[in-house]
Amino acid sequence: MEYNFKAIEKQWQQKWEQEGVYKVHHQTGKPKCYVLDMFPYPSGAGLHVGHPLGYIASDIFARYKRLKGFNVLHPMGYDAFGLPAEQYALEHGIHPAISTARNINTFRKQLDNIGFCYDWSREVRTCDPSYYKWTQWIFLQLFKSWYNRKAQKAESIEKLVEIFEKEGNANHPIPNLKFQISNLKSGIFAASDWKGFDEATQQSVLMEYRLAYCSYGEVNWCEALGTVLANDEVVNGVSERGGYPVIKKKLRQWYLRITEYADRLQSDLNTLDWSDAMKEMQTNWIGKSTGMEIKFPLSISPRRGEEMEENVAKNREKKEATPGFGYAKYKVGSGMSFENAKRMRKEPTEAERLLWSSLKGKATGYKFRRQHPIENSIADFVCLDTWLIVEIDGGYHDHPEQQKLDKERDAFLKEIGFTTVRFTNEQVMDNVEKVIKTIKDTCDAIKSAGAQKRAAAGSSSPLQGEAGVRVYTTRPDTIFGVDFMVLAPEHELVNQITTPEQKQAVEEYLTYVNTRSERERIAEKKITGCFTGAYATNPLTGKQIPVWISEYVLGGYGTGAIMAVPSGDERDHKFARFFNIPITNIFGALYNGDNAVMDKNVTIYDSGFITGLKVNEAAEQVMTWLEDNEIGERKVNYKMRDAAFSRQRYWGEPFPVIWKNGIAWPLDENKLPLELPHVDSYKPGPEGEGPLANITEWTVVPGGVRETNTMPGYAGSSWYFLRYMDPHNDEIFCDRKASDYWNQVDLYIGGTEHAVGHLLYSRMWTKVLYDLGYIGFNEPFKKLLNQGMIQGSSRFVYRVRGENKFVSAGLKEQYDTDQIHADVNMVDGVELDIGAFKKWRNGEYAQAEFILENGKYICGVEVEKMSKSKFNTINPDDLVAKYGADTFRMYEMFLGPVEQSKPWDTKGIEGVHRFLKKLWRLFYDEQKGRVWTQEQPSAEELKVLHRTIKKIEDDTERFSFNTAVSAFMIAVNELTDLQCHKKEILEPLLILLTPYAPHIAEELWHHLGNDSIVLDAAYPVFEEKYILESSKSYPVAINGKTRTEMSIALDATQQQVEELVLANETVRKWMEGKAPKKIVYVRNKMINVVV
RNA sequence: GCCCGGAUGGCGGAAUUGGUAGACGCGCCAGACUCAAAAUCUGGUAUUGGCAACAAUGUGCAGGUUCGAUUCCUGUUCCGGGCACCA
């Protein structure tokens, strides 16, 4: 009786399916175990041998846990929305739903071949409306929630509205300080303000709090294709398809406010059983840093208004490039000067004179100055306590162009912290009392808002309302070494501070940066940048430093501006060298002029009051000083940004949102799912909108239009592990009873490529659902196992250039050749099957000639990524057909550690197949038939069995599946040597083998007379008594080099061992008569004699 | 560029906590069975020298710690993954 794997595997797969042996339910008394594979995207290329690696590992673990008495949830489904299907639709006109369904069928067939124990009754597909109904529902919960920082959890937006109605937002300031709401003067409003806001303003304010919110973000825009491109569709600044230019464009986008969860995402890593590497990657992604936000005044600080004239004059003497950025009459560089300012103060208009008489001498309770220089222009009146500017506009301000300039000017002043109010001459002349009252009220409002803000922040916030550029630094100790400042090219101030002389250069540089992807900007080794012409003042030293822009500073991180310390930062150092900016040394002898000092455990020199201090102490003192002087504040910063949550694509979940007059309104939850409408064209909509924008009969609804963006790939995959627990529920995404039972995923297997994307997003969603009370745990994946990648081993043929002639690899040096991928399936080892090659690609090479070596054509070999385009993919179906699923499963595991990447080599599979046949022969002989017996096992046989039980159990628990396969081989080899065919030994062995090779185990299990399935058997229990040894063969080393072996009783004492060892002939030979200095004896390990 | 991981015979890999480097399998070599082949079985196989016993060398490279290092530390090279719109 032969091992007929084909019949066996087919028969059992059918039986398992018919009897539903993998169906599980949460109402049992057993302990649960949730084993999950990362959600696969069903690609059109089908499975290659790399894909099932993790699935086999999880299948082994799931079966093992079931044998150990657990109720195991082990589901599978499809992350079925995605770009490739849409791209395929664009190219072939096949609807993504159709190609996706087809791909899923292929996928499923391939999976079924391998004999997995999935509970297919729980399958989910993200593109199925019954699934994405709940993705949309969760999105609405995100939309209807905000993050209460005080409570450190998400809460419903209605609760926030209640708070606003009661106390305004003083206790819950707007999370994003860079918010832009046109009707909102400051970020803080009172309850009365809130009630006075119109609906649009109220909704804009709420949008600033929602966990899913709308904002504007940059995308890769390709004008020629009329579409937004993914990062990997952009190569070297042009589109991958067609090579058209790609620039950045701002589009309205949805975002998830994941930054509010940064701290919890960080600290909760401690509760997870993940590899340190994985935790480290997430930590780096979150990028929490503590440092200081420091304000550098721009050239002249209004606070130092009295010194200004002198400074400017000095600057002008020193260099021609006086900072100049003005508007109309304020222009300093041309026309306006401080002489003019003085003159104007002496010659005020009638209205100014009138107003001044009512303002001077603290008449309003606030001290005002008139004709006061502010940032290189002259304000008519300014209150330096409240940062209020009062302008009296003459007749020419009616001119539209001047109004535009005034508006720009006001916006700039607002950015640097001023509030501007404007009055006409007539207003002042007609009713000066009213004007004064307005000014006084505004001052009061600013003052109370400032106080509220300080109260909200829990400390004074000196940066609010102060002029200058804010930089973020984690090294405040290096502030005496600042030689220049770099702004992100997209920094709002760039336009305003650029001098006329530098305008052209800056504009050219900005054009260049606009073509650069963020990745390119970070990775660029070449140093690029541009001087703005402006100078800033180091608040500690008073030193004037030039302000540059460069692509290496990103707008999204920190404040979008850095203080550059060339002697203490490598990138700054290279920048300074490249642009010839003088470098200040603050590290004494440590800085050699060639490399920046990156060491953080050094002493700071030439730095005023921190000279001689270590980095940490110096930083502390600088921070304290800056805080005391209200120039900087301590800040915790995160590298992580809010997650972009929309795509201008068709094949994704539609947003359940309707826009009415610019306000986003959620769809009623009872109207979900909002189904994706059918389209005939996948072409983008106008202005970069998604294809949905083209279907007006869908987008236009009474009173508004639908959102035309769709959700990104990670929407559906951020919560799918919850749906598996209760996949058919129509009432809720997952019944709380089910999620309470199944709880966290106990083992999650997938590749490291998901380290920071999927794994962070699903952690966030879990935390939100937890905060809102829908589930009872706040981390989705307790234990994470990362599978390595199986690489392909490519084969090459060498075509003689210009001829239809191929030369064998060993002879290719003699010719001028081109290297061409040959399909690995036509190659046996390295020998090419010439016949198959000639038929390949419809006979493209049918007429080719071959130059052979030793009568063979030998191919070149290279390890590459496994991919169809490299003709190095191996289809698991072929291997299963040839060797069976059990062999395939065990061979995939046998290749090496699951976590490690390794190249595929089909050759070795024979060895595993031989092992299974050898196992079979312990039960049945080809000639003799049944050989297994009911005889009593010997001590030796029991030792083999129990050593194997221990090894397999240990290895399976620690996911060392490759060594477990070896252990099976060793056991079968040993039992064969012992000629052991005893049921009492073989039966437990079959149970051990079940997770690894379920079909053969099941078959032989039934041959041994069992009726129930082997998965319901009890796992064998290891008993130490069978494997105890009384002595051990010790390696004996002299001076660390092993020289001989000695068998010594395990309970020998140090003294006994020493006597035995010194009496040994080999030992004495190597000691060459010298006395031993020391004898190291480690019980059960080794002996070392030191001479 | 930044972050994470990896490197051991001809090949995949083993050595679980610093303790006999190369388990197990492939490949290769030799032998048995066979008319022959396949399958199967037996033995050998890190490198160098030697008939052998044995000796020297050896875990990417250069150092260090230790009685002892594939394992720990410092530096370095190469390869793989990720870097926010592939999934």
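Since the structure is predicted, the reported quantities are computational estimates derived from the model, not experimental observations. All heavy atoms count here, side chains included; hydrogens, waters and symmetry mates do not.
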How is A:Ser43 classified with respect to the nucleic acid when contacts are heavy atoms under 4.0 Å: base, sugar-phosphate, or nothing?
-> nothing
Does any donor-acceptor pair link the side chain of A:Lys918 with the base of B:U40 at a separation under 3.5 Å?
-> no
Nucleotide by nucleotide, 5' to 3', does protein get under 4.0 Å of the base (B), only the sugar-phosphate (S), or neither (-) in nucleotides 58-87 of chain B, counting heavy atoms?
-> ---------B-------------SSBBBBB
Watson-Crick or G-U wobble mate for B:G9, both contacts under 3.5 Å = none
Under a 3.5 Å cut-off for both distances, is B:C83 Watson-Crick or wobble paired, and to whom?
-> B:G1
Hey, are A:Asp954 and A:Lys950 close enough for a salt bridge, meaning a charged N less than 4.0 Å from a carboxylate O?
-> yes
Mapping A:Glu899 and A:Lys917 onto RNA chain B by nearest heavy atom, which one lands closer to the 5' end?
-> A:Glu899
Centroid-to-centroid, A:Phe575 to A:Tyr552, below 6.0 Å?
-> yes
Watson-Crick or G-U wobble partner for B:C41, using a 3.5 Å limit on both distances?
-> B:G31
Which is true for A:Arg921 with a 4.0 Å heavy-atom rule: it touches a base, it touches only sugar-phosphate, or it touches nothing?
-> sugar-phosphate
Contact under 4.0 Å: A:Arg914 side-chain N or O vs B:C26 OP1/OP2 | yes
Name the nucleic acid region contacted by A:Trp221, choosing base, sugar-phosphate or nothing; use a 4.0 angstrom heavy-atom cut-off, strictly under.
-> nothing
Spacing of A:Phe968 atom CZ relative to B:G25 atom P, expressed in whole Å = 15 Å
Looking across every strand, which nucleic acid part, if any, lies under 4.0 Å from A:Lys951 by heavy atom: base, sugar-phosphate, or nothing?
-> base
Side chains of A:Trp719 and A:Thr135: is there a donor and an acceptor less than 3.5 Å apart?
-> yes
Would you mind checking if A:Glu490 and A:Arg521 are paired as a salt bridge, meaning a charged N to carboxylate O distance below 4.0 Å?
-> yes
A:Phe961 has an atom CZ; how far is it from atom C1' of B:G25, in whole Å?
-> 19 Å
Lys/Arg-Asp/Glu bridge criterion (N-O < 4.0 Å) met for A:Arg649, A:Glu233 = yes
At under 4.0 Å between heavy atoms, what does A:Arg1083 touch on the DNA or RNA strands: base, sugar-phosphate, or nothing?
-> nothing
Is the distance between the ring centroids of A:Tyr261 and A:Trp765 less than 6.0 Å?
-> no
Counting Watson-Crick and G-U wobble pairs only, both distances under 3.5 Å, name the nucleotide matched with B:A56, or none.
-> B:U47
Would you say the ring centroid of A:Phe645 lies under 6.0 angstrom from that of A:Trp254?
-> no
Are side-chain N/O atoms of A:Thr963 and A:Ser966 paired as donor and acceptor at under 3.5 Å?
-> no
For the rings on A:Tyr883 and A:Phe5, is their centre-to-centre separation under 6.0 Å?
-> no
When syn is taken as a glycosidic angle within 90 degrees of 0, is B:G64 syn or anti?
-> anti
Would you mind classifying the nucleic acid contact of A:Asn973 as base, sugar-phosphate or nothing, using non-hydrogen atoms under 4.0 angstrom?
-> sugar-phosphate
Which base sits across from B:G75 as a Watson-Crick or G-U pair, both distances under 3.5 Å?
-> B:C61
Quick one: label A:Glu910 by what it contacts on the DNA or RNA (base, sugar-phosphate, nothing), any heavy atom closer than 4.0 Å.
-> nothing
Pair assignment for B:U70, Watson-Crick or G-U wobble, requiring both distances under 3.5 Å | none
If we call it a pair only when both distances are under 3.5 Å in a Watson-Crick or G-U wobble match, what pairs with B:A14?
-> none
Rounded distance (Å) that lies between atom C1' of B:C26 and atom CG of A:Leu879 | 15 Å
Give the rounded distance in Å between these two atoms: CE of A:Met890 and P of B:C26.
-> 14 Å
By nearest nucleotide on RNA chain B, pick out whichever of A:Arg571 and A:Lys902 is the more 5' one.
-> A:Arg571
If we call it a pair only when both distances are under 3.5 Å in a Watson-Crick or G-U wobble match, what pairs with B:A36?
-> none
